[in-house]
Amino acid sequence: MTTQEDFTFVENETIRGSKPPKLFDDYQQFTSGRTTDLDVQIVTALRTKHPELTVTTVPGSNCNLLQFAAAGYAQAELDDDAEPVLRWRGFVGPSHRGGSGYLADAIFFARYNYTWNNENFILYSIVEGYDSVQYILKEPRGQETSFSHSSVVDSLLATIGAWLIKEEPAIYVYDRYWTRSTKLWQEVKKAKWEDVILDPKMKKALTEVANKFFDNRDVYEEYGVPWKRGLIFHGPVGNGKTISLKALMHTLYERHPPVVTLYVKSAPYDYNIRDVFQMARSMTPCMLVLEDIDTIVTNSTRSYFFNEVDGLENNDGILMIATTNHLDQLDPGLSKRPSRFDRKYLFPLPDKGERSLYAQYWRKKLKNKKNIEFPSKLCDAIADITDDFSFAYMKEAFVATLLDLARNDGSEDEDDALESDGDDPLDKYLFWRAFKAQVKILRSEMGSETSASVRSNAGTTLGAYEGFSSGCGELIPLLDAMKVQGGLQPCSKAASRLAMTSAEPQRERLDDNRVINNGSILSPLRSFAPLAQTKFARLDEGVWSWGL
């Protein structure tokens, strides 16, 4: 049996009786340097090292010189000979399954040789806390001194600013901060009124009320009436509110000059509501869309929202459109106060005629698919068996049918599996039998809140970029290629040192769960240009692109 005496303890005589060393002592020393205001120290150091040059400090969230270069308007060469580079190295995965990723750097300290308009600059890009700060060094011109502004740097910054705020087709999206979405605009462009299955009188009323509002500013002013309006789109989920909004967005953007759309996804706090209306006032004339307003105007933000709508500030030129699936649950201050929302439009479940028109819409989309037999007489039959279906449920029926046909490729086994009613002369069409089977499945699920909400939400939110125009466009290729193809691709190597730097904006999550791009919440110039942080350059498989 082993006893304590069998062990020999060896100790360093110099530390016998003392506590073991702590890593925290080193950590405290590392983090207790002179960093009260790092910017002051860096500017002082740069002026000491380069007394002959002007030093200009620019927040990275205001005019990002590296993004400007990545978009092709300037050149930036990393100068790791003059200064060491502080960076992290990592792998950025693909945005979609089957794509290739790439290696990228997150750079915290670097010096660049920057060239624009045949002018050379020294650029330092340094992360300080939550913020990215740029230091631009340039020789003085004329009467300039090392402590004055540089006219050449000012010209560069003005050019970047003009690039950032240049009007381009886009939808402005608010989800706790503003972004300018060119991707959503590409989806909106596909939405046309002829693709919207809706009562013709309703279509005409929607386009007229919007166009008359923006056409008749003088009339409002003549009668001393505030030039603002509010509309509510309401009705059961999945019946055309969203696609009608997208078609209206498209119509208004084709006006001269265009009317832009501001789309609000979430604004949970008072300061979010303030951000929304400040932006709307700066973008007038505009359409402000509050989708699912019952989730945006809550008990905690109700009073602040009413004050922004009816308060002392000028809301001229704002057409406000709210959508809701539950009009009866809205605060009376929203649904019954004419000065806020003075017109309501009901989007009910489609009647038989509208369901038949919707079937014709899909028939037109599939007319070139030789392997699908879809005669016109099936449209009325489809309308007959889909009573009480919303457009979202009908879309699900068509989508599920096409996927079923694509998966089974019209094989004989599948033909046998789809039962025939015997007396139904339409059963000779495989598409009809498959469609009936999917309708039967959906009817069995219509009583389930979970399945209904999942299916109906598939086409009701703008943020998901869904709509009738794109509903089957993604499916048709499946009918041509009956199996998934693809595989892993090797990582693309960037063409230059600059290209290896990930230009994806840094995001910091603060205590109140706000996500801030490039740390702009700490920037003293964050209010200079609300659009300056919405145009990002991105590296995707070795190719630079910019815009959201």
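Index from 1, following the sequence. Below, each value reflects all heavy atoms present in this structure, side chains not excepted, and no hydrogens, waters or symmetry copies. Keep in mind that what you see is a predicted model, and the values were worked out from it rather than measured.
Residue K212 holds its NZ atom at 9.5 Å from OG1 of T207, rounded to the nearest 0.5 Å. The CG atom of L262 lies 10.0 Å from the OG1 atom of T284; values are rounded to the nearest 0.5 Å. With values rounded to the nearest 0.5 angstrom, K265 atom NZ is found 11.0 Å from I296 atom CD1. A distance of 11.5 Å separates CG of L248 from CD1 of I243, quoted to the nearest 0.5 Å. Between the CH2 atom in W362 and the CD1 atom in I382 there is a gap of 11.0 Å [rounded to 0.5 Å].
R217 has a carboxylate O that lies under 4.0 Å from a charged side-chain N of E221, or vice versa, which qualifies the two as a salt bridge. Using a cutoff of 4.0 Å between basic side-chain nitrogens and carboxylate oxygens, K352 and D384 are scored as salt-bridged. We find that D404 and R407 are joined by a salt bridge, their nearest charged nitrogen and carboxylate oxygen being less than 4.0 Å apart.
Ring geometry for F431 against F374 counts as parallel: the plane angle stays under 30°, on a 0 to 90° scale with 60° as the upper cut. Under the 30°/60° scheme for interplanar angles, the aromatic rings of F341 and F305 are found to lie parallel.
A side-chain donor-acceptor contact under 3.5 Å links H250 to the backbone of A191. Without hydrogens or angle criteria, D351 side chain to G353 main chain gives a donor-acceptor distance under 3.5 Å. Between the side chain of K203 and the main chain of V196, a donor-acceptor pair closer than 3.5 Å is present.
With sequence neighbours excluded, no residue forms a side-chain hydrogen bond (donor to acceptor under 3.5 Å, both in side chains) with D154. Scored by the side-chain hydrogen bond (donor to acceptor under 3.5 Å, both in side chains) test, D199 finds no partners at all (sequence neighbours excluded). With sequence neighbours excluded, the residues satisfying side-chain hydrogen bond (donor to acceptor under 3.5 Å, both in side chains) with R340 are D310. Listed by chain and residue number, R229, L231, Y345 satisfy the side-chain contact (heavy atoms from CB on, under 4.5 Å) test with R343 (two or more places apart in sequence, or in another chain). Checked against side-chain contact (heavy atoms from CB on, under 4.5 Å), T298 has the following partners two or more places apart in sequence or in another chain: S300, T301. Listed by chain and residue number, W178 satisfy the ring pair (Phe, Tyr, Trp, His ring centres under 6.0 Å) test with Y174 (two or more places apart in sequence, or in another chain). Annotation: ring pair (Phe, Tyr, Trp, His ring centres under 6.0 Å) contacts of Y253 (sequence neighbours excluded): W185. When the side-chain hydrogen bond (donor to acceptor under 3.5 Å, both in side chains) test is applied to N216, no partner is found at least two apart in sequence or on another chain. K364 meets the side-chain contact (heavy atoms from CB on, under 4.5 Å) test with no other residue; sequence neighbours excluded. In this structure, the salt bridge (Lys or Arg N to Asp or Glu O under 4.0 Å) partners of R281, at least two apart in sequence or on a different chain, are E308, E313. By the salt bridge (Lys or Arg N to Asp or Glu O under 4.0 Å) test, D387 pairs with R443, sequence neighbours left out.
Ring pair Y358/F391: centre-to-centre distance below 6.0 Å. Separation of the F435 and F398 ring centroids falls under the 6.0 Å cut-off. Residues Y304 and Y271 place their aromatic rings such that the two centres sit no closer than 6.0 Å. Annotation: F213 is in aromatic contact with Y220 [ring centroid separation under 6.0 Å].
Pairing each heavy atom of L288 with each of A280, the nearest pair is CD2-CB, 4.4 Å. Closest approach of I293 to L330, counting heavy atoms only: CG2-CD2, 3.8 Å.
Residues T182 and E168 bring no donor and acceptor atom of their side chains to less than 3.5 Å of each other. In summary, the side chains of S376 and Q360 do present a donor paired with an acceptor at a separation below 3.5 Å, with no hydrogens or angles considered. In this structure, a donor-acceptor pair under 3.5 Å is present between the side chains of D175 and S266.
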**OP:** Show your reasoning for whether side chain to side chain donor-acceptor pair (under 3.5 Å) applies to T57 and Q134.
**Re:** CA-CA 6 Å; T57 306; Q134 303 162 116; over 6 Å; no
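Counting heavy atoms from C-beta outward, V297 and D331 have side chains that stay 4.5 Å or more apart. Between N307 and L312, the closest side-chain pair of non-hydrogen atoms is not below 4.5 Å.
Applying the ring pair (Phe, Tyr, Trp, His ring centres under 6.0 Å) definition to pairs two or more places apart or across chains, none involves residues 311-339.
The side chain to side chain donor-acceptor pair (under 3.5 Å) test with E187 is passed by exactly one of K183, K189, K190: K190.
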